[in-house]
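Worksheet: one structure, shown below.
Worth saying up front: this structure is predicted, and the values here are computed from it rather than measured. In the text below, chain A, chain B and the rest are named by the order of the sequence lines, each starting its count at 1.
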Protein chains: 2
Amino acid sequence: MTNSTPLPPPRRAEPDVRRQSLIAACARVLAREGAAGTSVRVIAREAGVSPGLITHYFAGIDALIAATYADVDQTVSAALEAAVADAGDDPRARLDAFVTASFAPPIADRALLATWIAFWSLVTARADIARQHDDQYAGFRDRLTLLLAACGVPGERLRLAAIAVTALVDGLWLELSLSPGCFSADEAGAIARAHLDSLIGFL
Amino acid sequence: MTNSTPLPPPRRAEPDVRRQSLIAACARVLAREGAAGTSVRVIAREAGVSPGLITHYFAGIDALIAATYADVDQTVSAALEAAVADAGDDPRARLDAFVTASFAPPIADRALLATWIAFWSLVTARADIARQHDDQYAGFRDRLTLLLAACGVPGERLRLAAIAVTALVDGLWLELSLSPGCFSADEAGAIARAHLDSLIGFL
DNA sequence: AGGACTGTTGCACGATCGTACAATACCACG
DNA sequence: CGTGGTATTGTACGATCGTGCAACAGTCCT
């Protein structure tokens with residue numbers, strides 16, 4: 001049980017680098033084993049380190065999962081922002097890019113879904129994690145609100161419009177990730193753009 | 001540790017009744033403790049029986065969770081069907097009733113959300129559970145397809161329309177259950193009905 | 001070069017997990 | 001009124017869980 005691998009000599013790493021590698025290992029394990037099979041020992045083996053190191057960098061396994069979720073959220077936000085930036089200056093093109101990017105890598109990814117689910121399963125029991133969830137979703141909606149306003153959606157409809165688009169994109173992303181054979185990413189994008197058409201009322 | 005309660009004498013129950021009571025206890029524990037805190041012992045204490053009884057009725061804890069999910073799905077389907085039946089004969093009223101009921105008790109319920117999340121967390125790792133998920137969602141979409149067709153949605157748009165409405169309702173239901181303070185059930189219904197308006201193109 | 005700092009290891013500990021199994025107690029039936 | 005069948009109990013077992021901690025080792029500073 002001591003070690004099946006030849007045990008390479010332990011090497012020091014920059015604290016930030018090591019911390020990030022633990023988060024990445026946690027995300028990989030969540031994607032491969034699911035939330036139930038994700039434990040300190042499995043994550044440590046995935047990262048190639050000793051189990052004790054996780055306690056050294058994180059207050060506990062829940063803190064590591066929360067950090068993984070925050071990291072995933074940051075990855076998603078960065079990818080969405082990059083898509084918006086690539087779309088140029090036309091407001092509608094920027095809005096389309098924002099929602100379409102949700103159905104392409106790296107966002108429509110099984111690893112992200114597993115992380116999300118593992119995190120949701122903590123929301124029910126822990127108040128601090130519930131607040132982290134609320135904050136991250138509020139950030140997503142706020143960004144969407146700006147893009148919708150730039151497309152001319154009037155202020156009094158802005159709030160519900162942002163909620164609607166968030167829900168639609170989330171639902172499509174969820175089912176696309178859970179059962180990828182049911183419909184394609186292109187179809188999801190077409191559905192979302194059609195919904196934006198009716199919201200903006202460009203006719 | 002033997003027993004904190006006065007231990008009422010063990011009573012026999014009809015197998016179906018006992019089985020159903022275990023499923024109900026599982027759902028309550030999932031709602032209260034979250035997926036992580038749901039174990040054989042906790043469920044047995046919630047149901048007022050011995051832990052061994054769960055093994056007697058179900059092949060394992062995963063089978064109990066799967067049965068709980070199937071039961072929840074049946075509850076949801078029955079509630080939706082009842083709402084449709086109450087709506088009368090007008091196709092659009094029936095469609096509205098179907099989607100609006102998703103945001104009212106007993107569907108928009110924290111216990112259901114917890115069950116759903118616990119089940120999703122098993123989808124990643126187990127193929128048989130992934131198929132159960134696909135089947136249940138296909139059933140939901142099929143029912144929606146019939147209601148949409150009755151409202152005059154043409155055949156070539158029917159498939160994507162059903163996917164879109166399913167995703168929107170799912171996303172709204174998910175966020176409504178995860179953070180109830182963000183928007184209300186009435187607002188969710190209004191969003192969904194507006195989306196149906198644009199799909200059916202009644203203008 | 002040598003000492004201090006700390007990243008890292010490896011293991012021990014108690015708790016809890018899911019499951020198996022023999023013993024028990026209830027109930028229907030002869 | 002026994003008696004067999006089975007729902008139910010209680011517990012034991014091995015595995016795995018998260019965490020704490022003393023010892024080790026790599027790196028940097030003086």
Side-chain angles (χ1 to χ4, degrees), chain A residues 1-23 25-26 29-30 32-68 118 121-122 125-126 129, chain B residues 1-23 25-26 29-30 32-68 118 121-122 125-126 129:
Chain A
M1 182 185 287
T2 53
N3 51 358
S4 54
T5 61
L7 181 61
R11 299 221 328 190
R12 252 182 191 206
E14 291 277 329
D16 290 348
V17 173
R18 179 70 78 188
R19 190 183 154 89
Q20 197 62 30
S21 80
L22 292 178
I23 288 175
C26 179
V29 172
L30 280 171
R32 176 169 18 101
E33 315 273 354
T38 299
S39 68
V40 169
R41 285 169 178 80
V42 176
I43 296 171
R45 188 179 315 140
E46 176 75 25
V49 299
S50 167
L53 197 60
I54 290 181
T55 305
H56 187 261
Y57 277 98
F58 298 93
I61 179 73
D62 288 0
L64 173 54
I65 291 180
T68 302
S121 71
L122 298 178
R126 298 193 28 176
I129 294 205
Chain B
M1 182 185 287
T2 54
N3 51 358
S4 53
T5 60
L7 183 61
R11 298 224 326 196
R12 255 183 191 208
E14 290 278 329
D16 290 347
V17 173
R18 180 68 79 187
R19 191 184 153 88
Q20 197 61 30
S21 81
L22 292 178
I23 288 176
C26 179
V29 172
L30 280 170
R32 176 165 23 96
E33 315 272 353
T38 298
S39 67
V40 169
R41 286 167 178 82
V42 175
I43 295 171
R45 188 179 316 141
E46 176 75 25
V49 299
S50 167
L53 197 60
I54 290 181
T55 305
H56 187 261
Y57 277 98
F58 297 93
I61 179 75
D62 287 0
L64 173 54
I65 292 180
T68 303
S121 71
L122 297 179
R126 299 195 26 179
I129 293 203

Distance test, side-chain N/O of A:His56 to OP1/OP2 of C:dT8, below 4.0 Å: no
Distance from B:Ile43 atom CD1 to B:Leu22 atom CG, nearest 0.5 Å? 8.5 Å
Rounded to the nearest 0.5 angstrom, the CG-CG distance for B:Leu122 and B:Asp62 is 5.5 Å
What integer distance in Å separates B:Glu14:CD from D:dG5:C1'? 15 Å
Atom-to-atom span, CG of A:Leu53 to P of C:dT9 - whole angstrom: 6 Å
Rounded to the nearest 0.5 Å, how far does OG of B:Ser50 lie from CZ of B:Arg45? 11.5 Å
Atom of A:Gly37, atom of A:Val29 and distance for their closest heavy-atom approach: O-CG1, 4.3 Å
In whole angstroms, the gap separating P of C:dG10 from CZ of A:Arg45 amounts to 13 Å
In what stems does DNA chain D take part, counting only runs of at least 3 consecutive Watson-Crick or G-U pairs whose two distances fall under 3.5 Å? C:1-30 with D:1-30
Round to the nearest Å and state the distance from B:Ile43 atom CD1 to C:dC17 atom C1'. 12 Å
Would you mind reading off the distance between B:Leu22 atom CG and D:dT9 atom C1', rounded to a whole angstrom? 14 Å
Side-chain touch A:Phe58/A:Thr68, heavy atoms, less than 4.5 angstrom: no
Heavy-atom closest contact (A:Ile54 atom, A:Ala44 atom, distance): CD1-N, 3.9 Å
Under the criterion side-chain contact (heavy atoms from CB on, under 4.5 Å), which of B:Thr55, B:Leu53, B:Ile61 is the partner of B:Val40? B:Ile61
Might you work through the side chain to side chain contact (heavy atoms under 4.5 Å, CB included) test for A:Ile65 and A:Ile129, ending with a clear yes or no? CA-CA 10 Å; A:Ile65 291 180; A:Ile129 294 205; over 6 Å; no
Under 4.0 angstrom between A:Arg18 side-chain N/O and C:dG7 OP1 or OP2: no
When rounded to whole Å, the CZ to C1' distance for the pair B:Arg19 and D:dA7 reads 15 Å
Can you tell me how far apart CD (A:Glu46) and CD (A:Glu33) are? Round to the nearest 0.5 Å. 8.5 Å
Could you give the CD1-to-P distance, from A:Ile54 to C:dT9, as a whole number of Å? 10 Å
Without decimals, in angstroms, what is the distance between A:Asp16 CG and C:dG7 C1'? 13 Å
Between the protein and nucleotides 15-22 of chain D, list the N/O to N/O atom pairs that are separated by less than 3.5 angstrom.
unit_1	atom_1	unit_2	atom_2	d
D:dC17	OP1	A:Ser39	OG	3.0
D:dG18	OP2	A:Val40	N	2.9
D:dG18	N7	A:Arg41	NH1	2.7
D:dG18	O6	A:Arg41	NH2	2.6
D:dT19	OP2	A:Ile61	N	3.1

Would you say a side-chain N or O of B:Tyr57 is under 4.0 Å from OP1 or OP2 of D:dT8? yes
